[in-house]
Engineer: 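Pasting a structure here, questions to come.
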2 protein chains.
Amino acid sequence: MDKPQFDSELGASPVVRTESICRNCDRRFDSLCGVLNCDELDILSEMMEHQFFEAKDTIIYEEDEAKNVYNIAEGILRLTKLLPDGRRLVTGFLYPGDFVGLAFHDNYSYSVEAVTEVKVCRFPRLKLEALLKEIPKLESKLLGMMSNELKEAQDQMMLLGRKSPKERLASFLLNISQRKIEKSAGPARDKLLDKPNNSFELPMSRMDISDYLGLTIETVSRTLTTFTKNGIISTEGRKKINILNREKLEDIADGDLA
Amino acid sequence: MDKPQFDSELGASPVVRTESICRNCDRRFDSLCGVLNCDELDILSEMMEHQFFEAKDTIIYEEDEAKNVYNIAEGILRLTKLLPDGRRLVTGFLYPGDFVGLAFHDNYSYSVEAVTEVKVCRFPRLKLEALLKEIPKLESKLLGMMSNELKEAQDQMMLLGRKSPKERLASFLLNISQRKIEKSAGPARDKLLDKPNNSFELPMSRMDISDYLGLTIETVSRTLTTFTKNGIISTEGRKKINILNREKLEDIADGDLA
DNA sequence: TTCTTTTTTTGATTTTAATCAAGGTTAAGC
DNA sequence: GCTTAACCTTGATTAAAATCAAAAAAAGAA
């Protein structure tokens, strides 16, 4: 009677092993997958393929036909849009557990590029949409995730439309400090809402940050320098940030001062 | 045998008459309601109440508990967010057929105010969410609507983050010119995609426009004056706009010139 | 109607962040 | 390791939109 479940999951047949990819995933309790039981995960496994990308690779090209949707397993991606003359906006950064590509349009409306090494789970869009019809709780979960995205998009509009460069950077640093990247297993939970870290890596370049905040890289650089001089943050190398005075950063982010 | 359907819908009982509010709605083929059959519309009718607002009334207060959701029947609304010091952003304008308030958060994250006289259909949020579980096609429809909203939000982020004032105004005018406001009945269709009008009303104030485009009212006013002087548009009074050179306006909106 | 208030337009000035331009760092390739 | 290229920071200048200020136009009240 020892570990009967384990036996039945791995079994002797290689077929069963294949169907268990999703069951054995570190993130099976996160994200979209978190709402599914073992049998449903097996269905998902069958239509899923893992794909790996290097930093700077493009996963999705803006305007391409939307054939696939992706769930991020590991690594960080950016969503970008371009104007004809080359001006760029980063509309968001994607973290493990995030879902991308399901737009209900026939073409993608943004590019998706790897910021770090990335592992994604790729699903044929039409198959996943069919699955949505069969598993209502999947659709509910997706609706909830989209609702979150929409709220974040509105916050970002406020940032871009009405906040000063200092306020934008402060908001950004606080936001990133609250994201979890570790791939620890465990019961379902949100990608935010862990207690925030006061030390963290900025995986993206200054250019990515400026295109996300609607600024130039010079302004981003100068503003970070100002924060450092004011004792609000310290930096180690280019990527590592330490928040020294979170309260002040929060005040700045909310527009309560400068 | 004349009009048997009409008879069965109105019947003799006042109860049946009450349940037919949604069935007899001008917009029953639009929006969320468009996916429902008569019986389902009756269920919707039972939980729905019409509500009327004057211009400038507030329908939803930012941060209030999200008790209701709304479908716009007539009129135009704006979604607004405020910073502590009073800076304001209009995140969008809502037109008939638009849906608002279903955020899957316990509190609203924006205010909703009437720009014109408005008629809305109000639903208790919890009841509507329960109905979503029962009628999967409702959830699908909502998912599609949200997906559209998300795409629009990303376009607006590009506008706010990377476009010049002229480009913002051009994009805005083209966008408004493509919206339909008329309350004609007919089979389901999108709120956009009619052939665009070259003459239309701007129902909102210059302040609303500037808070939507991340500009000041002075810049909005000056930019409209410039367009007029360049023969791209003409104005009649404050609200009426005529597009005289749509092609040029499109070039400007896309950043192909100035 | 006239008077008042609100909204919009126009003009002058200031401020801010973009642009232009080097110089430093860090990372990557050989 | 060294060399080169990419990335980032800092400084000087410019340009663009915000701000400040006032006049004009429209809407609303009496």
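Numbers restart at 1 for each chain; the letters A, B, ... are given by sequence-line order, proteins then strands. Every heavy atom of this structure was used, including side-chain atoms; hydrogens, water molecules and symmetry mates were not.
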Engineer: Check this for me: does the side-chain of A/Arg222 come within 3.5 Å of the base of C/dA17 through a donor and an acceptor?
Structural biologist: no
Engineer: Testing the 3.5 Å rule here: is there a donor-acceptor pair between the side chains of A/Asn71 and A/Ser31?
Structural biologist: yes
Engineer: What is the distance, to the nearest angstrom, from the CG atom on A/Asp85 to the C1' atom on C/dA18?
Structural biologist: 15 Å
Engineer: In degrees, rounded to 10°, what is the bend between the two ends of the helix from C/dT1-D/dA30 to C/dC30-D/dG1, using five pairs at each?
Structural biologist: 50°
Engineer: Would B/Glu201 and B/Lys239 pass as an ion pair if we require N to O under 4.0 Å?
Structural biologist: no
Engineer: Between B/Arg206 (CZ) and C/dT10 (P), how many Å, whole number?
Structural biologist: 10 Å
Engineer: Looking only at side-chain atoms of A/Glu218, point me to the closest of C/dA21, C/dA18, D/dA21.
Structural biologist: C/dA21
Engineer: So that I can tick it off, tell me whether B/Asp211 and B/Lys81 are bridged by a salt bridge, with the cut-off set at under 4.0 angstrom between side-chain N and carboxylate O.
Structural biologist: no
Engineer: For A/Glu117 and A/Phe52, indicate whether the former's side chain and the latter's backbone hold a donor-acceptor pair under 3.5 Å.
Structural biologist: no
Engineer: Assign A/Lys240 to base, sugar-phosphate, or nothing according to its heavy-atom contacts below 4.0 angstrom with the strands shown.
Structural biologist: nothing
Engineer: With a non-hydrogen cut-off below 4.0 angstrom, is B/Leu215 in contact with a base, only sugar-phosphate, or nothing?
Structural biologist: sugar-phosphate
Engineer: On DNA chain D, compare the nucleotides closest to A/Arg162 and A/Lys239; which residue's is nearer the 5' end?
Structural biologist: A/Lys239
Engineer: D/dA18 P sits how many Å from B/Met207 CE, rounded?
Structural biologist: 13 Å
Engineer: Over how many whole Å does the gap from A/Met204 atom CE to D/dC8 atom C1' extend?
Structural biologist: 16 Å
Engineer: Just N and O in the side chain of A/Thr225: are any of them under 4.0 Å from OP1 or OP2 of D/dT10?
Structural biologist: yes
Engineer: So, is B/Ser205 near the phosphate of C/dT7, with a side-chain N or O under 4.0 Å from OP1 or OP2?
Structural biologist: no
Engineer: So, A/Lys163 versus A/Ser171: side-chain donor-acceptor pair below 3.5 Å or not?
Structural biologist: yes
Engineer: From D/dT10, C/dA18, D/dC8, pick the nucleotide closest to the side chain of A/Thr219?
Structural biologist: C/dA18
Engineer: Answer yes if the side chains of A/Ser177 and A/Asn197 hold a donor-acceptor pair under 3.5 Å, and no otherwise.
Structural biologist: no
Engineer: What nucleotide, of C/dT7, C/dA17, D/dC7, holds the atom closest to the side chain of A/Lys56?
Structural biologist: D/dC7
Engineer: What is the distance from CG of A/Leu213 to C1' of C/dA18, rounded to the nearest Å?
Structural biologist: 16 Å
Engineer: Within the 4.0 Å heavy-atom criterion, would you say A/Arg238 contacts the bases, only the backbone, or no part of the nucleic acid?
Structural biologist: base
Engineer: Rounded to whole angstrom units, what separation is found between the CD atom of B/Glu167 and the P atom of D/dA16?
Structural biologist: 12 Å
Engineer: Between D/dA17 atom P and B/Ile209 atom CD1, what is the distance in whole Å?
Structural biologist: 17 Å
Engineer: Closer than 4.0 Å, any side-chain N/O of B/Thr216 to the OP1 or OP2 of D/dA17?
Structural biologist: no
Engineer: Just how far, in rounded Å, is C1' of C/dA17 from NZ of A/Lys163?
Structural biologist: 18 Å
Engineer: Looking at A/Arg125 and A/Asp106, is there a salt bridge between them, counting it only when a charged N and a carboxylate O are closer than 4.0 Å?
Structural biologist: yes
Engineer: Answer with yes or no whether the side chains of B/Thr223 and B/Arg168 bring together a donor and an acceptor at under 3.5 Å.
Structural biologist: no
